[in-house]
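Values below: every heavy atom of this structure, side chains too, minus hydrogens, waters and symmetry copies. Chain letters run A, B, ... following the sequence lines, proteins first and then strands; every chain starts at 1.
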Number of protein chains: 2
Amino acid sequence: MVAAMQSRTPTTPPARTGGRPRSATADAAILEATRQGLVELGWSRLTLGAVATRAGVAKTTLYRRWAGKSELVVDAVAELFDELELPDRGSLAADIEGVVLQFAALLGRPETKTALMAVVAESTTDEPLRERIRQSIVDRQKRLVLAGRERAQQRGELPVEPDPSAAARTADLIFDVIAGAVVHRALVSAEPVDEEWARRFTLLLLGGLAAAAAQT
Amino acid sequence: MVAAMQSRTPTTPPARTGGRPRSATADAAILEATRQGLVELGWSRLTLGAVATRAGVAKTTLYRRWAGKSELVVDAVAELFDELELPDRGSLAADIEGVVLQFAALLGRPETKTALMAVVAESTTDEPLRERIRQSIVDRQKRLVLAGRERAQQRGELPVEPDPSAAARTADLIFDVIAGAVVHRALVSAEPVDEEWARRFTLLLLGGLAAAAAQT
DNA sequence: CAGTTACGCTACGACCCGTAGCGAAAGCCA
DNA sequence: TGGCTTTCGCTACGGGTCGTAGCGTAACTG
């Protein structure tokens, strides 16, 4: 069930046999240029031509690797989500605060701010894109939540649900609550996700988990 | 502190004295055409030219009233949020489920699905737009949460916080949790916000509120 | 009636899109 | 070394959208 950490391959896997290989340097330059462009121009004013110029690459090279702006931007910001980690802080409460602050740190960057909502908006009318987002971004976040949950169960802070279907639904619920609250606070309400907010949110969620556990 | 329900005025208030008045019929036709366009084309492929044609209006008329696509779309979907109501269902739990399902019903529509995330994305680099969204859409949702909270306090289900500053922070927190979770479930996870999910979410939140109240 | 504002229409330069076609570069294999 | 294959940079292009200007007409006020 663990998604293989597949190397990000823009479009079709290069090829089978010989020929000039794709420049990995160009790949990195393009993704970096995309992030810079997002910072300086924002999603809507970002153009593929500008990315190509800034990356020192021909525009055609971009179109050979990515289907469009959405796909490129997803890959560009997905790299930032690779750094997500969740050190064991000893308690469920501390781990939740850790997750919240990790998400908040990423959503605080201007690149991700403007890009995430935009590609999600596009994905509502583009199913393959939605799947790409899920694999590249959402699942990377979800891992943190699942890790924290498992740790809490090992500590005895959370009950182990025997029914795998119910357990999955619970995990999904918790994930949507955490990620949703942070995103909404940061991007819609546009107010800071600082330590005080994280503490208050954690208190709220923790109480809910305890109550839900007691009811079971 | 209650925002006056100002009539939606696209750009600058028409004028002071005589002259040909703006056609209210055209206004309605444009907003309706915008929603139809969102359904059929989605945000990115929606063009102001297409909206004008569909509304039976000259393109220039659009630009005389709205600064751009974002502003127009905000007004178009904001009308849908006018129908938001929260009937008293007798208990806090039932009211929370009501709020959740109301939000979910709106987010289920294809117009709002593709539009909301897009305009929020734009608003990250456009402060006036963010304010417009807040007034036209977010505050309309927030009213429901505040109403439910007040009802619960009158019923004695929730404590009345004396410090108005702390009370406001709590209300903000609850709002971000509810709206965020629903949005994330509906648009990012792209799974249905049905009654079962609403029930489970309510259980979680209710437990958290009870625990937070006990701690105070 | 004159004055004022909104409207429909046309036309326009500017920009971006996505693709085609070319010659050159960079690998692999005999 | 020479052939084969694939990618690269470059140029050029038709098609579409943008946002605005200019004009004559419509609607409403005093």
Side-chain angles (χ1 to χ4, degrees), chain A residues 7-31 33-34 37-38 40-73 118-119 122 125-126 128-129, chain B residues 7-31 33-34 37-38 40-73 118-119 122 125-126 128-129:
Chain A
S7 66
R8 232 181 318 279
T9 305
T11 44
T12 52
R16 50 214 54 155
T17 171
R20 177 173 176 174
R22 285 193 172 172
S23 163
T25 310
D27 248 23
I30 291 170
L31 293 174
T34 303
L38 283 172
E40 298 176 14
L41 303 171
W43 162 268
S44 61
R45 277 167 298 188
L46 179 73
T47 125
L48 290 195
V51 171
T53 303
R54 188 187 299 268
V57 164
K59 193 174 59 163
T60 43
T61 299
L62 276 176
Y63 283 101
R64 289 192 189 102
R65 307 194 184 190
W66 285 277
K69 187 160 86 164
S70 302
E71 288 78 5
L72 171 61
V73 167
V119 295
E122 283 311 297
T125 58
D126 185 340
L129 179 63
Chain B
S7 67
R8 230 180 319 277
T9 304
T11 45
T12 52
R16 49 213 52 156
T17 172
R20 177 173 175 174
R22 284 191 173 173
S23 162
T25 310
D27 247 24
I30 290 170
L31 293 175
T34 303
L38 283 172
E40 297 176 14
L41 303 171
W43 162 268
S44 61
R45 275 168 300 187
L46 179 72
T47 125
L48 290 195
V51 171
T53 303
R54 190 188 296 268
V57 163
K59 193 175 58 162
T60 44
T61 299
L62 275 176
Y63 283 101
R64 290 193 189 101
R65 308 195 182 189
W66 285 278
K69 186 159 87 164
S70 302
E71 288 79 3
L72 171 61
V73 168
V119 294
E122 283 310 299
T125 57
D126 184 341
L129 179 61

task = Looking at every strand, decide which applies to S23(A) at a 4.0 Å heavy-atom threshold: base, sugar-phosphate, or nothing.
result = sugar-phosphate

Residue whose nearest DNA chain C nucleotide is more 5′ - G19(B) or A58(B) = G19(B)

Close side-chain approach of T125(A) to W43(B), heavy-atom, < 4.5 Å = no

key: Donor-acceptor pair under 3.5 Å, R22(A) side chain vs dG27(C) base   = no

task = Kindly say if T61(A) contacts the phosphate of dG9(D), meaning a side-chain N or O under 4.0 Å from OP1 or OP2.
result = yes

task = Taking the side chain as every heavy atom from C-beta outward, state whether E71(A) and D126(A) have any pair of such atoms under 4.5 Å apart.
result = yes

I'd like a table of atom pairs between the protein and nucleotides 14-18 of chain C - only N or O on both sides, under 3.5 Å - with the distance next to each one.
residue	atom	partner	partner atom	Å
dC17(C)	OP1	L48(A)	N	3.4
dC17(C)	OP2	T47(A)	OG1	3.1
dG18(C)	OP2	Y63(A)	OH	2.9
dG18(C)	N7	K59(A)	NZ	3.3
dG18(C)	O6	K59(A)	NZ	3.0

ask   = Nearest to the side chain of R20(A) - dA6(C), dG22(D), dA26(C)?
value = dA26(C)

request  = Measure across E122(A) and S70(A) and return the closest heavy-atom pair with its distance rounded to 0.1 Å.
outcome  = CG-OG, 3.6 Å

query = Are any non-hydrogen side-chain atoms of R64(B) and T61(B) less than 4.5 angstrom apart?
reply = yes

W66(A) vs L48(A) side-chain heavy atoms within contact, under 4.5 Å = no

ask   = Shortest non-hydrogen contact from I30(A) to V51(A)?
value = O-CG1, 4.0 Å

ask   = Once you round it to whole Å, what is the distance between C1' of dT20(D) and CG of L62(B)?
value = 14 Å

query = Nearest-Å distance, CZ (R64(B)) to P (dG22(D))?
reply = 13 Å

